[in-house]
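Notes follow once the structure below has been shown.
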Amino acid sequence: MADAENPLLGETTCGSLLQKLQEIWDEVGESDEERDKMLLQIEQECLDVYKRKVEQAANSRAQLLQVLSDAKLELSTLVSALGDKSSVGIPEEGSETIKEQLAAIAPALEQLWKQKEERVKEFSDVRSQIQKICGEIAGNASEQTGALAVDESDLSLKKLDEYQVKLKELQKEKSDRLSKVLEYVSTVHDLCAVLGMDFFSTITEVHPSLGDSTGVQSKSISNDTLSSLAKTVSALNEDKKQRLHKLQELATQLIDLWNLMDTPEEERRLFHHVTCNSSALVDKVTVPGALALDLIEQAEVEVDRLDKLKSSRMKEIALKRQVELEKIFASVHIEIDPEAAREKIMALIDSGNVEPTELLADMDNQIMKAKEEALSRKEILDRVEKWMSACEEESWLEDYNRDENRYNASRGAHLNLKRAEKARILVNKIPGMVDTLVAKTRAWEEDRDISFMYDGVPLLAMLDEYAMLRQEREEEKRRLRGQKKVGEQQNMEQETAFGSRLSPARSSGPKKVVGPRGNGGANGTPSRRLSLNANQNSSRSAGKDGKRDSMKLAAPANIVTVSKDDAASHVSRTDSVPASP
């Protein structure tokens, strides 16, 4: 019994168990048939166990192969999704066992899973920012609250770069939009300040976030907000333009009324904030409250007050306009009847048949036409002035040439000599001046079909008179030259007959009194008034022109008596210095 148990206590094998079974059967006395039957049963049971174990092993191998296949598929999927095979050590296909292959794949899978999680987070962050900015641009950022689903089939760096590029473009667009919004908000603030409007209520009507001064990034940048801001700025600019136009009209009226009624400077300063923008451009008006409604209303009230005051001072204002009109006419030598005009104005005002504004408007129109008339006459009058100045120099030069002491070394003689040189140059230009003046005057008259009047006298008649006097002077000079030649010939005959020449200063003969020069002087120079009727110039002859008239019309102070020969010698000396061309 002890020998039978020994094998059981030691290493148990199939042979030892079969031997033990044989011993038991021998001891029992089992028949061979039973023994064969039992052995067949044992063999069958062993086969079943082997089959079961083989099946278990096959199932285990199949599971491992499935796991390996899944791992490889997942590895391939991750590598394909991440698109970065080189960054992970992927095992190559070889002769390793299944478990060795699984052991080799596991680290790569773990690393790829970590990369995938990180990549999914990056994609999620980028796409969330993109969605947020797109929502802000579309104006529905508050509606997008759910998390975005990430497409895990493509987590490559290329795809991530595409999203990041798109994100940068959207961030730039957001920055540009935000800058535009802030620019609009600043413009609205400035316009509201100038117009005296409430900025906060104006800007919050566009979007509530625009009134928040704490967070710049929280301001709305949607298309609707930008469009509304643009419309608001446009409306405020138009309002500003209209108010400025209204204020400038009021400022112009104020200035005109002040000038009409000689309003003192102290009273004008009270409305300097109105008149300071009378000619300003829209963009230049930036002072807060400069175009506030209450300021415009204040200006309107003042204009109404001055209008009422103007009606009571109508006569004074109208006479001031008449004086202005008379000054314009006088400055361009146009004669009018000021007394009759003033009487007519007073009669119109007293009759009440004309509105004060209509009368002033009519006088303003007359002043405007008078200024236009003065402008059209300016060129001709400037030439007349130069011609008259040249004629004065011609008259002075004639007087200077008659002065026998002009070359004496007296005080101021060198100044007169220089003046005489310049005067001769100027006198030589007189014919050209007259010709040009005649041509200009005729062109002016043909263009307007009226005569060019100068202090009531036709200018062409004055020029004709001057030309006639100048021609008479030339004829007189030729006559005197002839007399001189006859006198010299007589002297030569006397010298031949008597053997000596009598001195002209001692010759006895009839004496002649040299009297004052006639109108315009001996040289044909016209008087300053250049009028055919000396009494037609009332204002001109009393002033500077009268002084020049007296200079040409006055006789020389030293009236002396000379003989005929002395006169001839005097003419000879005079002709030696030409007075005119």
Side-chain angles (χ1 to χ4, degrees), residues 186-203 205 231-325 327-328 345 348-349 352-372:
S186 176
T187 303
V188 171
H189 179 272
D190 295 342
L191 289 172
C192 287
V194 173
L195 297 174
M197 300 172 61
D198 184 13
F199 164 72
F200 184 79
S201 61
T202 302
I203 203 66
E205 286 181 3
K231 291 178 181 178
T232 301
V233 170
S234 177
L236 291 175
N237 275 324
E238 185 62 27
D239 194 13
K240 179 182 179 182
K241 187 185 299 183
Q242 292 177 359
R243 291 194 190 185
L244 179 60
H245 180 68
K246 177 66 174 177
L247 192 69
Q248 288 177 340
E249 287 182 345
L250 293 171
T252 302
Q253 294 177 29
L254 281 175
I255 294 172
D256 292 341
L257 290 169
W258 287 340
N259 293 335
L260 279 175
M261 295 182 286
D262 294 328
T263 304
E265 190 64 29
E266 294 77 11
E267 187 175 341
R268 299 188 183 198
R269 288 197 195 100
L270 298 176
F271 289 89
H272 176 70
H273 55 288
V274 175
T275 57
C276 65
N277 293 318
S278 59
S279 60
L281 299 175
V282 176
D283 296 336
K284 300 300 181 181
V285 181
T286 57
V287 178
L291 300 177
L293 287 176
D294 55 349
L295 185 145
I296 296 176
E297 292 174 357
Q298 180 185 6
E300 288 176 340
V301 171
E302 180 65 11
V303 169
D304 291 339
R305 185 185 73 83
L306 292 177
D307 272 334
K308 295 177 181 177
L309 183 62
K310 179 185 70 175
S311 300
S312 61
R313 299 177 58 185
M314 189 60 203
K315 289 186 178 180
E316 178 184 351
I317 296 171
L319 288 177
K320 288 179 64 176
R321 295 289 176 89
Q322 179 62 24
V323 169
E324 182 182 356
L325 186 62
K327 287 181 179 179
I328 296 173
I345 292 173
L348 284 173
I349 296 174
N353 295 329
V354 62
E355 288 290 332
T357 54
E358 293 180 2
L359 177 60
L360 290 179
D362 181 65
M363 297 189 73
D364 288 337
N365 188 39
Q366 293 182 38
I367 291 173
M368 182 182 67
K369 290 182 178 179
K371 289 179 178 179
E372 293 176 355

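Sequential numbering from 1 along the given sequence is applied to the chain's residues. The figures that follow rest on heavy atoms only: side chains count, while hydrogens, waters and symmetry mates do not.
- Side-chain atoms of Lys240 come within 3.5 Å of backbone N or O of Val282 as a donor-acceptor pair.
- The main-chain N or O of Glu358 is never found under 3.5 Å from a side-chain atom of Asp362 such that the two would form a donor-acceptor pair.
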Given the rule in the side-chain contact (heavy atoms from CB on, under 4.5 Å) test, do Met314 and Leu359 qualify, once you have shown the distances and angles that lead to the verdict?
CA-CA 9 Å; Met314 189 60 203; Leu359 177 60; 4.0 Å; yes

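- Between Asp283 and Thr286, the closest heavy-atom pair is O-CG2, 3.8 Å.
- Leu236 has its side chain within reach of Met197: a pair of non-hydrogen atoms, C-beta onward, lies under 4.5 Å apart.
- Side-chain contact between Trp258 and Thr275 is present, with heavy atoms from C-beta onward closer than 4.5 Å.
- Under the 4.5 Å side-chain criterion, counting only non-hydrogen atoms from C-beta, Leu247 is in contact with Leu295.
- Considering all non-hydrogen atoms of both residues, Ala318 and Ile349 come closest at CB-CD1, 4.0 Å.
- Comment: Arg305 engages Glu302 in a salt bridge, judged by a side-chain N to carboxylate O separation of less than 4.0 angstrom.
- Contact check for Glu249 versus Thr252: no side-chain heavy atoms found under the 4.5 Å cut-off.
- Considering CD1 of Ile203 and OG1 of Thr232, their distance stands at 6.5 Å, rounded to 0.5 Å.
- Between the OG atom in Ser278 and the NE2 atom in His272 there is a gap of 9.5 Å [rounded to 0.5 Å].
- Looking at residues two or more places apart in sequence or on another chain, you find no ring pair (Phe, Tyr, Trp, His ring centres under 6.0 Å) involving His245.
- With hydrogens and angles disregarded, no donor-acceptor distance shorter than 3.5 Å links the side chain of Asn365 to the backbone of Ala361.
- Of all non-hydrogen atoms in Arg268 and Thr263, the two that sit nearest each other are NE-O, 3.0 Å.
- Separating the CG atom in Asp304 from the CD atom in Gln253 is a distance of 9.0 Å, to the nearest 0.5 Å.
- Counting heavy atoms from C-beta on, the side chains of Ile367 and Lys371 come closer than 4.5 Å.
- What you find for Leu250 and Ala299 is that their closest heavy atoms are CD1-CB, 3.8 Å.
- Leu195 approaches Arg243 most closely through the heavy-atom pair O-NH1, 2.8 Å.
- Shown here for Leu360 and Ile317, the closest heavy-atom pair between the two residues is CD2-CG2, 3.7 Å.
- Annotation: side chain of Val285 is in contact with side chain of Val194 (closest heavy-atom distance under 4.5 Å).
- The distance from the CE atom of Met368 to the CG atom of Asp364 is 9.0 Å, given to the nearest 0.5 Å.
- In this model, no donor atom of one side chain and acceptor atom of the other lie less than 3.5 Å apart for Asp294 and Gln298.
- Rounding to the nearest 0.5 Å gives a distance of 10.0 Å between CG of Leu254 and CD of Glu267.
- With a 4.5 Å cut-off on side-chain heavy atoms, Ile296 and Glu300 count as touching.
- Note: Asn237 CG to Thr187 OG1 = 8.0 Å, rounded to the nearest 0.5 Å.
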Could you go step by step and tell me if Ile345 and Met363 meet the side-chain contact (heavy atoms from CB on, under 4.5 Å) rule?
CA-CA 10 Å; Ile345 292 173; Met363 297 189 73; 3.6 Å; yes

